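Read through the structure below, which is laid out as structure tokens, and then see the notes.
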Amino acid sequence: MTLLDDQRQSVSDPRADVPDVGQLPPLGVVPPKMHAQVIRPDRYGDPGTAFQREVVPTPKIGPGEVLIAVMAAGINYNNVWAARGYPVDQVTTRQRRGETEDFHIGGSDASGIVYAVGPDVDNISIGDEVIIHPGVWDENDPWIAAGRDQMIAPSARIWGYDTNYGSFGQFARVQAHQVLPKAPHLTWAEAAAPTLVGTTAYRMLHGWAGNTVQDGDLVLVWGGSGGLGTQASQLVRAAGGRAIAVVSDDERGEYAMKYGAIGYINRREFNHWGIPPLVDDTEGQKAWSASARAFGKKIWEIAGAKEDPAIVFEHPGAATIPTSIFVCRPGGMVTVCAGTTGFDAMVDLRYHWTRQKRLQGSHGTNDAQAAAYNQLVIEGKIDPCVGRVLTIDDIPRAHAEMGRGEEVFGNTVILIGASDPGAGKRS
Ligand code: NAP
């Protein structure tokens, strides 16, 4: 990590309570208040109106915590859910845990500069240029103290979704172990783009022993042009595998191929989505499996052989799980981190048990996976896939568009402390 050499110290009035967005106070000087995009329970619903820009107190940090001046923030689908207050009302959930704030400042991806370091934090200094991974937990959790996977611990949470003071404010509160070095060759905007989706994809593909992606493996990636999908295809390629993207038009397919997919399938050519006809509906089953088989043939065409995917990378959920289980190869794994189209996903157990497939839930990242993913970014093996670079006032609109499925190319980024999309490159 390096000290910021062109540290901008120009707030409109250095003694002002609130720095302007796009400007930073002197390094290490923490203003009492900050601008943030805030969700309040009485605004839950359409993300376009649930978020509003407010001036709020700058978060205080405690032992083991670090305060980050956010240079850029990444947009993720999780704050579409937070804005809707569904399926989890985050503010009420936190209040039940004893937290007092009656608002939510989301944002689970950030690049920024360390402005303050709490007690018991080693190896992090004011001025470090960093990115933040989204896994948060209690280090004293007995599960973690026993050396087990941090992200499965009862205390595990997603920063800036389950927790407050994420990256949609000028300052963010993080745990020290979330702080990772920023790739020097990336701008602030690029560095803020990929970590949540990238680390999630890394865990899905590398985290489940017995079914981790291997050299030569075929992997089917749903939403191949989206945030998760573009990261997944690149990670598959970096591991020597072959990703086939599923998309909803040719433009998205071309985009997916730019980021590592060897080919794509347009899901609009098929109509067997959602819960299939029940097993005793012979005619319905015939029609469903004919369409699912035709989909499988597209995979073979792209693979150049009658080869089924070793891993299916899932997140649409209800619409696609039956197909994912159907096309996954015997002994293979469907790894799922979301149910964007619905949570009532149906599995025809005949295909599941006789062919000994695995349906593996996956969520977030642990420290080791985040560090391994970030190293690939630092080495230039993973492109952050920046789609759009927007301003803090675009946060409501960007989430509304994402919620309607209109935001489909890579990752949207918001400039907060940075005023120029090209700023932040160090080499
Ligand atoms: P995104 O960038 O909006 O991409 C979603 C993709 O889903 C789109 O590219 C779209 O592609 C595809 N899609 C939409 N409707 C579909 C349908 N009916 N059938 C098949 N595909 C469909 O979102 P993302 O960042 O990749 O996130 C996707 C989901 O994963 C969200 O629910 C998010 O909350 C979740 N997530 C979970 C974790 C975790 O740790 N558990 C982490 C990151 C994200 P096409 O329309 O082109 O097919």
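No hydrogens, no waters, no symmetry mates; every other heavy atom, side chains included, goes into these values. Treat the numbers as computed from the prediction; the structure is a model and nothing was measured. Order of appearance sets the numbers: ligands from 1, and atoms from 1 within every ligand.
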Check: [Y] and [X] side chains under 4.5 Å, non-hydrogen atoms:
X: Ile378; Y: Pro181; value: yes
X: Phe168; Y: Asn79; value: yes
X: Val38; Y: Phe51; value: no

> What pair of heavy atoms forms the shortest contact from Gln37 to Pro396, and how long is it?
Replying inline: NE2-CD, 3.7 Å

Which of the atoms of ligand 1 are close to [X], meaning less than 4.0 Å from one of its heavy atoms?
X: Val247; result: 47 (O), 48 (O)
X: Gly364; result: 39 (C), 40 (O)
X: Gly226; result: 2 (O), 4 (O), 9 (O)
X: Thr320; result: 19 (N), 20 (C)
X: Thr340; result: 29 (C), 31 (C), 32 (O)
X: Ala338; result: 29 (C), 30 (O), 32 (O), 35 (C)

> Of all the heavy atoms in Trp273, does at least one lie under 4.0 Å from an atom in ligand 1?
Replying inline: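 In this structure, Trp273 fails to qualify as a contact of ligand 1 - no heavy atom is under 4.0 Å.
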
> Hey, does Gly405 sit under 4.0 Å from ligand 1 if you only count heavy atoms?
Replying inline: no

> Quick one: which of Ile158, Leu196, Asp249, Thr323 has a heavy atom closest to atom 43 (C) of ligand 1?
Replying inline: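 Of the listed residues, Leu196 has the closest heavy atom.
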
> atom 6 (C) of ligand 1: which of Gly227, Gly223, Gly317 has the nearest heavy atom?
Replying inline: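 Residue with the shortest heavy-atom distance to the ligand atom: Gly223.
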
Which class fits the ring pair [X] and [Y]: parallel under 30°, tilted 30 to 60°, perpendicular over 60°?
X: Tyr351; Y: Phe326; result: perpendicular
X: Phe343; Y: Tyr86; result: tilted
X: His272; Y: Phe270; result: perpendicular

> Only one of Asp217, Thr212, Asn211 forms a side-chain hydrogen bond (donor to acceptor under 3.5 Å, both in side chains) with Gln214, so which one is it?
Replying inline: Thr212

> Polar-atom distance check: Met402 versus ligand 1, any N or O pair below 3.5 Å?
Replying inline: no

